[in-house]
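Quick note on labels: first sequence line is chain A, next is B, and so on, each numbered from 1.
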Number of protein chains: 2
Amino acid sequence: MKLSELKSAAEVHDEVLTSPEAKAERDRTAFAHDVALRVISYRATHQLSQSALARQLGMKQPAIARLEAGDHEPSLSTLSRLARGLNIDFHVDVTPNSLELRA
Amino acid sequence: MKLSELKSAAEVHDEVLTSPEAKAERDRTAFAHDVALRVISYRATHQLSQSALARQLGMKQPAIARLEAGDHEPSLSTLSRLARGLNIDFHVDVTPNSLELRA
DNA sequence: CCGCACGATAACACGTGTGTTATCGCCGGA
DNA sequence: TCCGGCGATAACACACGTGTTATCGTGCGG
């Protein structure tokens, strides 16, 4: 075992303070919610039903409903699919203590 | 890998024109490769072994090796974990025809 | 009242990214 | 030469996001 494989006291201290699991969970749902809002507002401004939007994206209506529910974090491949199908951009900022969707 | 094994620009161009799926695949692996480079260069500048970095991130050495191989598209939760553990930022641009990691 | 579009939800299968253990080959120092 | 860490890889289990079908309730137009 080498010294470089040991955690420094500062690192351990940071872990105690930040409670990474709880924060990760908060960010996860917040991000999902932001993506949901993008989909919802697109559908509103384009006057589309969930079924119509699903057709436009090559998906089924329940998939859209699930996205708009914002209950789980969309994958990057799903974001890519949305960007293509809706002709919009997503800009994601991943920082040491947040996961955000930028305008 | 030898130069002769690489596709020419013309061949890649044809793929984009003829097969949208091929482009999605290219973006996926290119993105994975970019993330891999970030991890590799961090580890190089900080003089860490894969095992040491794994420990710093709460992972095992093979997980780091897999990340650096760049064969899978990292999930957003993995990116968050890297950002937290390495104290770096990732900025992801998702547009209708590309998935890029910005500097 | 009836029918139909709409949106939400449940249930299930499936792909893929991740976590982990166990090795393997390689190389550098004692 | 032997032994140590290092990095790659295989093999497996598992979590999670996704695709899909089948409903169910609601509300509106006929």
Between atom CZ in A:Phe31 and atom P in D:dC16, what is the gap in whole Å?
-> 17 Å

For the side chain of A:Lys60, starting at C-beta, report the closest nucleotide among D:dT21, C:dG17, C:dC6.
-> D:dT21

To the nearest angstrom, the CG-P distance between B:Leu57 and C:dT20 comes to 12 Å

Consider the side chain of A:Gln50, meaning its heavy atoms from C-beta on, and name the nucleotide among C:dA8, D:dT18, D:dA11 that approaches it most closely.
-> C:dA8

What integer distance in Å separates B:Leu53:CG from C:dG19:P?
-> 13 Å

Between the CG atom in A:Leu53 and the CD atom in A:Gln61, the distance rounded to the nearest 0.5 Å is 10.5 Å

Between C:dT21, D:dA8, D:dT18, which one does the side chain of B:Glu68 approach most closely?
-> D:dA8

Partner of B:Glu68 under side chain to side chain donor-acceptor pair (under 3.5 Å), picked from B:Arg43, B:Arg38, B:His33, is B:Arg43

Atom CD1 of B:Ile40 and atom P of D:dG7 are separated, to the nearest Å, by 11 Å

Selection from C:dT18, C:dG7, D:dC6 that lies nearest to any side-chain heavy atom of A:Gln61 = C:dG7

Of the candidate nucleotides D:dG17, D:dT21, C:dG19, which contains the atom at the shortest distance from the side chain of A:Glu73?
-> D:dG17

Whole Å only: how far is the CG atom of B:Leu67 from the P atom of D:dA8?
-> 12 Å

To the nearest Å, how far apart are A:Leu76 CG and D:dT18 C1'?
-> 14 Å

Nearest-Å distance, CD1 (B:Ile64) to P (D:dT9)?
-> 15 Å

Which of these nucleotides, C:dT20, D:dG7, C:dA8, is closest to any side-chain atom of A:Ala65?
-> C:dA8

Comparing nearest nucleotides in DNA chain C, the 5'-proximal residue of the pair B:Leu79, A:Leu48 is A:Leu48

What is the nucleic acid contact for A:Ser77, judged by heavy atoms within less than 4.0 Å: base, sugar-phosphate only, or nothing?
-> nothing

Proximity to the side chain of A:Thr78 - top-ranked nucleotide from D:dT18, C:dG17, D:dC6 = D:dT18

Determine: side-chain N/O of A:Ser75 to OP1/OP2 of D:dT18, distance under 4.0 Å, yes or no.
-> yes

With respect to the side chain of B:His72, which nucleotide from D:dG17, C:dT20, C:dG17 is positioned closest?
-> C:dG17

Evaluation steps, side-chain contact (heavy atoms from CB on, under 4.5 Å), between A:Ile88 and A:Phe90 | CA-CA 7 Å; A:Ile88 61 178; A:Phe90 293 100; 3.7 Å; yes

Any side-chain donor near an acceptor of the partner, B:Ser75 and B:Ser77, under 3.5 Å | yes

Donor/acceptor link under 3.5 angstrom from B:Arg66 side chain onto base of C:dG19 | yes

Do the side chain of B:Thr78 and the main chain of B:Pro74 share a donor and acceptor less than 3.5 angstrom apart?
-> no

